[in-house]
Amino acid sequence: MNNAGKTVKEVVIEEINGVVIDSLSKLNCIVDNIVTEIPPDLSLGDAAYPMFKYSSALKMKPYDIALSVKNDLDAARSFIEKTEVKGGYLNVYFNKTAVSKKILPLIIAKGADFGKGRRLNQKVLVEFSSPNTNKPLHLGHCRNNAIGDSLSRILDFYGYDVIKLNLINDRGIHICKSMLAYKLFGAGATPDSVGKKSDHFVGDYYVKYANEVKNAPDMEKEASDMLRLWEEGDPSTIELWKKMNGWAISGIKQTYDRMGINFTDIEYESALYLLGKEVVAEGLKKGAFYKESDGSVWVNNEDVGLDKKALLRSDGTSIYITQDMGTAVERQKKYKFDKLVYVVGSEQIYHFKTLFAVFKKLGYEWASNCYHLSYGMVNLPEGKMKSREGNVVDADNLMDLLYQMALDAINDKEREISAVEKSAIAEKISLSALKYYLLNFSTAKDVMFIPEKSISFDGNTGPYIQYTTARINSLMSKSGAPVDNADIPDDYTFNEDEWGIISYLLEYEKSVKIAAAEYSPVEICSYLYNLSKLYNKFYHDNQILSEGDVVKKVRLAISKSVLIILTSGLNLLGISSLERM
RNA sequence: GAGUCUAUAGCUCAGAUGGAUAGAGCGUUAGAUUGCGGAUCUAAAGGUCGGAGGUUCGAGUCCUCUUAGACUCGCCA
């Protein structure tokens, strides 16, 4: 994965790289790719070239190599202010004015488009969320939604054409369980008649089933009978199914709307689950699969370190994996995707390995373009979430709780903001807290969710970054004229706080690149948090509006640039920046 | 039993492609604003990067072994 567009940092650094490479070749060391690092401390410069690896080939001390390259570098100027040899490192200090004059006006001019990659003309399908229609969304879905949505935004920003897919799991035995409980105990009630959000209404009957079946084991058989009736198209069963699915899906849709999650296309398992049978037949014909004497169809994946896996039951009905096979083939036909990313929990790693191995055995050239982005489970202090034990953290309730906390915090500030606006702001803050919290983990890791502690508004949180945007927005509105350019005099002397921010602004594009390449929203979280910290320190220690015209303009340009980048990065996380809070 | 993933400060977590004294937040302690938003800022204390070997000039990062935990290994989804 690479994007042909060059970042500002690359433009600056490549010029310097060229000189370093030439210089090394004069010493008879031919390299085509040079390693650049960022020194651990700003006082050590803006870029560093470690010379250790050339030492043995050149039979020179790293220090002497660095010294030799330094001589050549000092002769070639422009973006370089000075160079220094320290140990085996050659440290380069950028010309602050030259770099600033390049980056700040560019950010301000491009605004939200700064850092956006050129279009790659490659289509990426991102499947995420994939709820069941027998219960409301819970905390685990929140993590999935946050990751899937953010990843889609990142990939789009980087240059891919992203299709967001939601495959709704609307059929199967678990759906029939809630249907059965409603049929037996519902007495014609509706979400409206009991005044309940419709997906919660449906979920209550799923819980009801779990409780009742303990004393009435026959219900299990009734549920599977119902599934059979559904597959046969029994009218009254289908009618009930449509009614309850309608409730579940409309309730879940409300939760998506509140979270700011949407999809390019919504797929229904009920419409796709039979497709895989044709793929199985194709595989049999190709000799990729084999049939057992009882009629079941299998694939043998032992050659790739996996096991044998059934693809079709002996009665000819399809299995979970069969649908995934059919769905993927259908997606390739419909979208001609270049990549297909499944955002699904880590408990399904084995399943996707098997699935992708099947694609390879079928000879699909797109098999290697499928990727399972697995994420760890969300745990509670008392253990894992189990819907049957009722210890799940419900998504709607959680958002309500966070909303109330945010609203209380706003009210404490006693700002002159209307009640309506306060409410809107509280909503944005609470979502930011939730999403940022869930994204600020490596995806592979399990998340420990401690309700009282984990979602806070202080420190490394979404609201902290929003606060920074509100602060800058407030500054902008008090600055008089809008900041639409960056006037930087050639003789301007940047202080450490100013330069610290500017040099970090140079890193934004790289962060986006890493986030896109590694499918890693946490990379953006870290970047935004670091930038916010740098800015808040700068803001705390430096005056802006009361300074003279020259300094004021430069600092406003820096502030404006930070605001643009923070807003851009928050957007990649699916979080709104704020004017006020 | 096999496979995959995880292990970094009291707690919760960052540390892409190996590089300079391993970084945050929370919590604890001590401070900062007669100034543009205190949901802010500064500082202190707190680490054998689970353990043992190995590769390398250099390892939290790569390799081997090992310990602990999670997940998976179904004609469930």
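The structure presented is a predicted model; accordingly, all values stated were derived computationally and were not measured. In what follows, chains are A, B, ... by sequence order, proteins preceding strands, each numbered from 1.
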Base, sugar-phosphate alone, or nothing: which one does [X] contact when heavy atoms must sit under 4.0 Å apart?
{"X": "Phe441(A)", "value": "sugar-phosphate"}
{"X": "Tyr350(A)", "value": "sugar-phosphate"}
{"X": "Lys353(A)", "value": "sugar-phosphate"}

Please tell me if [X] has a side-chain N or O lying less than 4.0 Å from either OP1 or OP2 of [N].
{"X": "Ser456(A)", "N": "rG25(B)", "value": "no"}
{"X": "Lys445(A)", "N": "rA14(B)", "value": "yes"}
{"X": "Tyr529(A)", "N": "rG23(B)", "value": "no"}
{"X": "Arg171(A)", "N": "rA77(B)", "value": "no"}

From [options], nucleotide with atom closest to [X] side chain:
{"X": "Leu44(A)", "options": "rA24(B), rA20(B), rA77(B)", "value": "rA20(B)"}
{"X": "Asp458(A)", "options": "rA20(B), rC26(B), rC41(B)", "value": "rC26(B)"}
{"X": "Glu269(A)", "options": "rA77(B), rA39(B), rA70(B)", "value": "rA77(B)"}
{"X": "Asn91(A)", "options": "rA20(B), rC73(B), rC41(B)", "value": "rA20(B)"}

- Message: Please determine whether ring pair (Phe, Tyr, Trp, His ring centres under 6.0 Å) holds for the pair Tyr464(A) and Tyr436(A), giving the CA-CA distance in whole Å, both sets of side-chain angles, and the decisive distance to 0.1 Å.
- Response: CA-CA 10 Å; Tyr464(A) 172 82; Tyr436(A) 188 93; 9.2 Å; no

- Both distances under 3.5 Å, Watson-Crick or G-U wobble: on that basis, could you give the dot-bracket string for RNA chain B, with [ ] for crossing pairs and | for other-strand partners? (((((((..((((.....[...)))).(((((.......))))).....(((((..]....))))))))))))....

- Mark yes or no for whether Tyr527(A), through its side chain, and Tyr504(A), through its backbone, hold a donor-acceptor pair below 3.5 Å. yes

- Backbone of Asp170(A) reached by a side-chain donor or acceptor of Trp241(A) within 3.5 Å: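 Pair found, side chain donor or acceptor close to backbone of Asp170(A).
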
- Starting at atom CG of Asn536(A), determine the distance to atom C1' of rC36(B), rounded to an integer number of angstrom. 13 Å

- Item | Nearest-angstrom distance from the residue atom NZ of Lys61(A) to P of rG58(B) | 17 Å

- Taking for each residue the nucleotide of RNA chain B with the nearest heavy atom, is it Leu312(A) or Val522(A) whose nucleotide lies nearer the 5' end?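 So the residue in question is Val522(A).
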
- Message: If you assign Ser520(A) and Pro50(A) each to the RNA chain B nucleotide with the nearest heavy atom, which residue ends up on the more 5' nucleotide?
- Response: Ser520(A)

- Item | Inter-nucleotide P distance (rG51(B), rA24(B)), Å rounded | 22 Å

